[in-house]
Amino acid sequence: MQRTHTCGALRASDVGSTVTLTGWVATHRDLGGFRFVDLRDRFGVTQVKFDPADDAALFDASGELRPEWVIAVTGTVVSRGNNANRDMATGDVEVAVTGLEVLNRSVVPKFPIRDELDASEELRLEYRFLDLRRRPIQDRIVKRAEATFSARRLLHEEGFLELETPFLTRSTPEGARDYLVPSRVHPGEFYALPQSPQLFKQLYMVSGYDRYYQIARCFRDEDLRADRQPEFTQIDIEMSFADESAVQALAERLMVRVFADVLDVAIEAPFPRMAWREAMDRFGSDKPDVRFGLELCDVADLVEATEFGVFRSVVAGGGAVRGLRVPGGADRSRKQIDALEAVAKRHGAKGLAWAKVDGEAWTGPIAKFFPDGTRDSFASRMGAESGDLLLFVAADEEQALNALGQVRLALGRDLGLVDASRWAFLWVTDFPLLERDEDEGRWVARHHPFTSPVAEDVPLLESDPGRARARAYDLVLNGFELGGGSVRIHDMGVQEQMFRHLGIGQAEAEEKFGFLLRALHHGAPPHAGIAFGLDRLIMLMTGATSLRDVIAFPKTASASCLLTAAPSPVDDRQLETLHLARAGAAQRED
RNA sequence: GGGGUGGUAGUUAAGUCGGUUAUAACGCCGGCCUGUCACGCCGGAGGCCGCGGGUUCGAGUCCCGUCCACCCCGCCA
């Protein structure tokens, strides 16, 4: 039986027509005299009715139907009259069944296929094929497909080519841990799965394919989070003869198009720009959620006048003291403030100092260290008024900003300051090019080693590498890093200089990146690009709180797939073929 | 690598100070029911209390270890 309509299609205007529907038995209601079945497919649900007055044999046969059986029914569309269900799109009608075919039976499912969550996530992941039948998950997966289609359409219109890059590629020293693939043909050698198609898309530019994009799978063997999966998808873009403004403008058109197509939401572009330094100083984050205020404040220069030894010694040691004013926050309980301190400590602060402003006076544990005449300077700097709560973190600058930035986010949530209906896009620009890796005692690229320095900062590479800025930009949405990119180095000499500053010697550079350096020797055009985290984008667009909810077959927090039970042991013959031997503890298993 | 939370019928959960037969709801099976829509009513079956060890006269409960899931820190250019 071929279906004539989907289960979401029938309306009052179809009354009288003969139709065939196919789908899954969502529920069956046996009233004795007749039976209703809700038939479900991905388009909706339609009620079908078995009535012995219509066909006694068919009525008997319908008695064995159970949830998740796959059936086809033929019948007449009839009006439900006064019994219409206003909660269903198809609720005005039902199908009076005259023909039933059981296409497949189902065992009793481990959990019911309902919109409301009734099963643990562990079970849902093990029976993912059932979970994916549920409407809320299905909506997100469908929106994901719509978003990629929308992106492809726009990029195609703008003259971009969708080009592929290899999955089996070379391990490179910088960045995240690689997933390795042993070579059978080359004993002891390994491919790496790409952390991103970065180098290949640059090579495409050198080859003259001047507008590239790819919906690219990327792999990083690092520990997981709710917003981090070991394999994830990027909308990856590269453009020749383009600078940051061209890439950003394209990215804005892309976001505007995708939000319009998928959510029917009009995003305003251009998006605001903010320098990294400003983002850190004002919000304590390089991906600030700018949907609410509660900005940070530098008070280091004011502490010398106080008697607070903790602050004074931190400042004397070259550290920072940052403050955060919570308007009307004096009503926060001790327990609530303790919870904020726990947030600060978790993110690297030694503690969270606080005072409540009561007219001219302060109350709280640190109040006694701020004698008359010292409080005014803080109050005016922070804009404090009576009834406010003042919070302070003293630490080295990076820790102080990060800890207080996290306290700010916690407060934003607790105080309900976040307008969930807003889409607050923001470009963060002027990132530092390099950052110090104290463990290895060297400078490392903050973005990646192919990011161009700001031209006027090139001399700083010699004199003060930490102050050199990158021609890099991140796109931030509601406090999440949605994407990032940069203008690339297309000059061989600058690239070699970068490698030198990163402690990558000429021989190593030649061995690891020789192909890129050779390419840059052969007429590399200026080029720039960006990559968006598709999974995160869909997560934000659908209001999901975990990447697992927008990936059809995700991994658990320990990078396992509960559906397939991957990863799994392999037998010794497979290992031999790959010239691998078990080591240590793994040797004793199976 | 570290910290936190959880694991008890098919599922979701309750289980007191360690006590005798481990509860409930939903689901499942059987019966009844002609307007339900998470139909309703009556009855029934269903347990390796994650796993291993220990303490105890006695452990779902206390202790140690371990596995799995989730959240966070480190890590993730």
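The structure displayed is predicted, hence computed values, not measured ones. Order of the sequence lines fixes the chain letters, A, B, ..., with proteins taken first and strands second; residue numbering starts at 1 for each chain.
- In this structure, rC70(B) and rG4(B) make a Watson-Crick or G-U wobble pair, each of the two defining distances being under 3.5 angstrom.
- Base pairing of rG40(B) is made with rC32(B), judged by Watson-Crick or G-U wobble geometry with both donor-acceptor distances under 3.5 Å.
- Across all strands shown, the partner of rA24(B) is rU12(B), judged by Watson-Crick or G-U wobble contacts whose two distances both fall under 3.5 Å.
- Salt-bridge check for R29(A) with D38(A): passed, with a basic side-chain N closer than 4.0 Å to an acidic carboxylate O.
- Residue R228(A) places none of its side-chain N or O atoms closer than 4.0 Å to OP1 or OP2 of rG74(B).
- The salt bridge (Lys or Arg N to Asp or Glu O under 4.0 Å) search around R11(A) returns none, not counting sequence neighbours.
- Only R220(A), E222(A), listed by number, bring a heavy atom of residues 215-222 of chain A to less than 4.0 angstrom from any atom of RNA chain B.
- Here rG27(B) presents its P atom at 19 Å from OH of Y127(A), a figure rounded to the nearest Å.
- Using P as the reference atom, rU61(B) and rG46(B) are 24 Å apart when rounded to the nearest Å.
- With salt bridges taken as basic N to acidic carboxylate O contacts below 4.0 Å, none links K335(A) and D338(A).
- Whole-Å rounding puts the K345(A) NZ to rG4(B) P distance at 15 Å.
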Check the interface with nucleotides 29-34 of chain B: list each N/O to N/O pair with the protein under 3.5 Å, or write none.
| unit_1 | atom_1 | unit_2 | atom_2 | d |
| --- | --- | --- | --- | --- |
| rC29(B) | OP1 | R66(A) | NE | 3.2 |
| rC33(B) | N3 | D30(A) | O | 3.1 |
| rC33(B) | N3 | G32(A) | N | 3.3 |
| rC33(B) | N4 | D30(A) | OD1 | 3.3 |
| rU34(B) | OP2 | G33(A) | N | 2.9 |

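- Between E397(A) atom CD and M280(A) atom CE the span is 7.5 Å, to the nearest 0.5 Å.
- Inspection of the T165(A) and Q214(A) side chains reveals an N or O donor paired with an N or O acceptor under 3.5 Å.
- One distance of note links CZ of R105(A) with CZ of R66(A); it measures 10.0 Å at 0.5 Å rounding.
- Under the side-chain contact (heavy atoms from CB on, under 4.5 Å) criterion, S558(A) pairs with T556(A), S560(A), sequence neighbours left out.
- For residues 546-559 of chain A, the salt bridge (charged side-chain N to carboxylate O under 4.0 Å, His left out) pairs, not counting sequence neighbours, are E121(A)-R548(A), R124(A)-D549(A), E231(A)-K555(A).
- Between the CD atom of E68(A) and the C1' atom of rA38(B) there is a distance of 14 Å, rounded to whole Å.
- Summarising the geometry, the separation between CG on N83(A) and P on rC39(B) is reported as 16 Å, rounded to the nearest angstrom.
- Annotation: rC76(B) and rA14(B) have their P atoms spaced 39 Å apart (nearest Å).
- E238(A) has a carboxylate O that lies under 4.0 Å from a charged side-chain N of R488(A), or vice versa, which qualifies the two as a salt bridge.
- Residue contacts shown for R114(A) include a base, since a base heavy atom lies under 4.0 Å away.
- Between rC39(B) and R29(A), a contact under 4.0 Å exists linking OP1 or OP2 to a side-chain N or O.
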Distances for protein N or O near nucleotides 5-15 of chain B N or O, under 3.5 Å:
| unit_1 | atom_1 | unit_2 | atom_2 | d |
| --- | --- | --- | --- | --- |
| rU11(B) | O2' | D118(A) | O | 3.2 |
| rU12(B) | OP1 | S120(A) | N | 2.9 |
| rU12(B) | OP1 | S120(A) | OG | 3.0 |

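- Remark: the separation of the C1' atoms in rC64(B) and rU23(B) is 30 Å, to the nearest Å.
- D178(A) places no side-chain N or O within donor-acceptor distance of the main-chain N or O of L180(A), the cut-off being under 3.5 Å.
- Distances shown here put a side-chain N or O of S558(A) below 4.0 Å from the OP1 or OP2 atom of rA69(B).
- Between L224(A) atom CG and rC72(B) atom P the separation is 11 Å, expressed in whole Å.
- Residue-level contact check: R35(A) touches neither bases nor backbone, having no heavy atom under 4.0 Å from any strand.
- Within the structure, the salt bridge (charged side-chain N to carboxylate O under 4.0 Å, His left out) test picks out the following pairs touching residues 466-485 of chain A (sequence neighbours left out): E244(A)-R471(A), D430(A)-R469(A), E456(A)-R469(A), D457(A)-R469(A), D464(A)-R467(A).
- Scanning residues 397-410 of chain A for heavy-atom distances under 4.0 Å to RNA chain B yields an empty list.
- What separates CD of E116(A) from C1' of rG27(B) is a distance of 15 Å, to the nearest Å.
- For the P atom pair drawn from rU21(B) and rG4(B), the interatomic distance equals 36 Å after rounding to whole Å.
- Judged as a side-chain contact (heavy atoms from CB on, under 4.5 Å), and not counting sequence neighbours, the contacts of R135(A) are R40(A), D115(A), Q138(A), D139(A).
- Where P67(A) and R548(A) meet RNA chain B, the nucleotide closest to each residue was compared, and P67(A) sits on the side nearer the 5' end.
- Listed by chain and number, the residues in a side-chain contact (heavy atoms from CB on, under 4.5 Å) with F59(A) are F34(A), R35(A), F50(A), P52(A), S62(A) (sequence neighbours excluded).
- Among residue pairs with one or both ends in residues 559-570 of chain A, none qualify as salt bridge (charged side-chain N to carboxylate O under 4.0 Å, His left out); sequence neighbours excluded.
- Across all strands shown, N85(A) has heavy atoms under 4.0 Å from base atoms, whether or not it also approaches the sugar-phosphate.
- Listed pair R225(A) / rC73(B) meets the phosphate criterion, a side-chain N or O lying under 4.0 Å from OP1 or OP2.
- With rounding to whole Å, L125(A) atom CG is found 9 Å from rA69(B) atom C1'.
- Under the rule for a side-chain contact (heavy atoms from CB on, under 4.5 Å), the partners of H5(A) that lie at least two apart in sequence or sit in another chain are A9(A), L10(A), D14(A), V19(A), L21(A).
- Mapping P449(A) and T545(A) onto RNA chain B via the closest heavy atom, the residue that lands nearer the 5' end is T545(A).
- To the nearest 0.5 Å, atoms NE2 (H527(A)) and NZ (K201(A)) are separated by 9.0 Å.
- One P atom belongs to rG47(B), the other to rG10(B), and the distance between them is 7 Å to the nearest Å.
- One can place NE2 of H447(A) at 15 Å from P of rC76(B), the figure rounded to the nearest angstrom.
- Phosphate contact (OP1/OP2 of rC37(B), side-chain N/O of T27(A), threshold under 4.0 Å): absent.
- Across all strands shown, rG65(B) forms a Watson-Crick or G-U wobble pair, both distances under 3.5 Å, with rC51(B).
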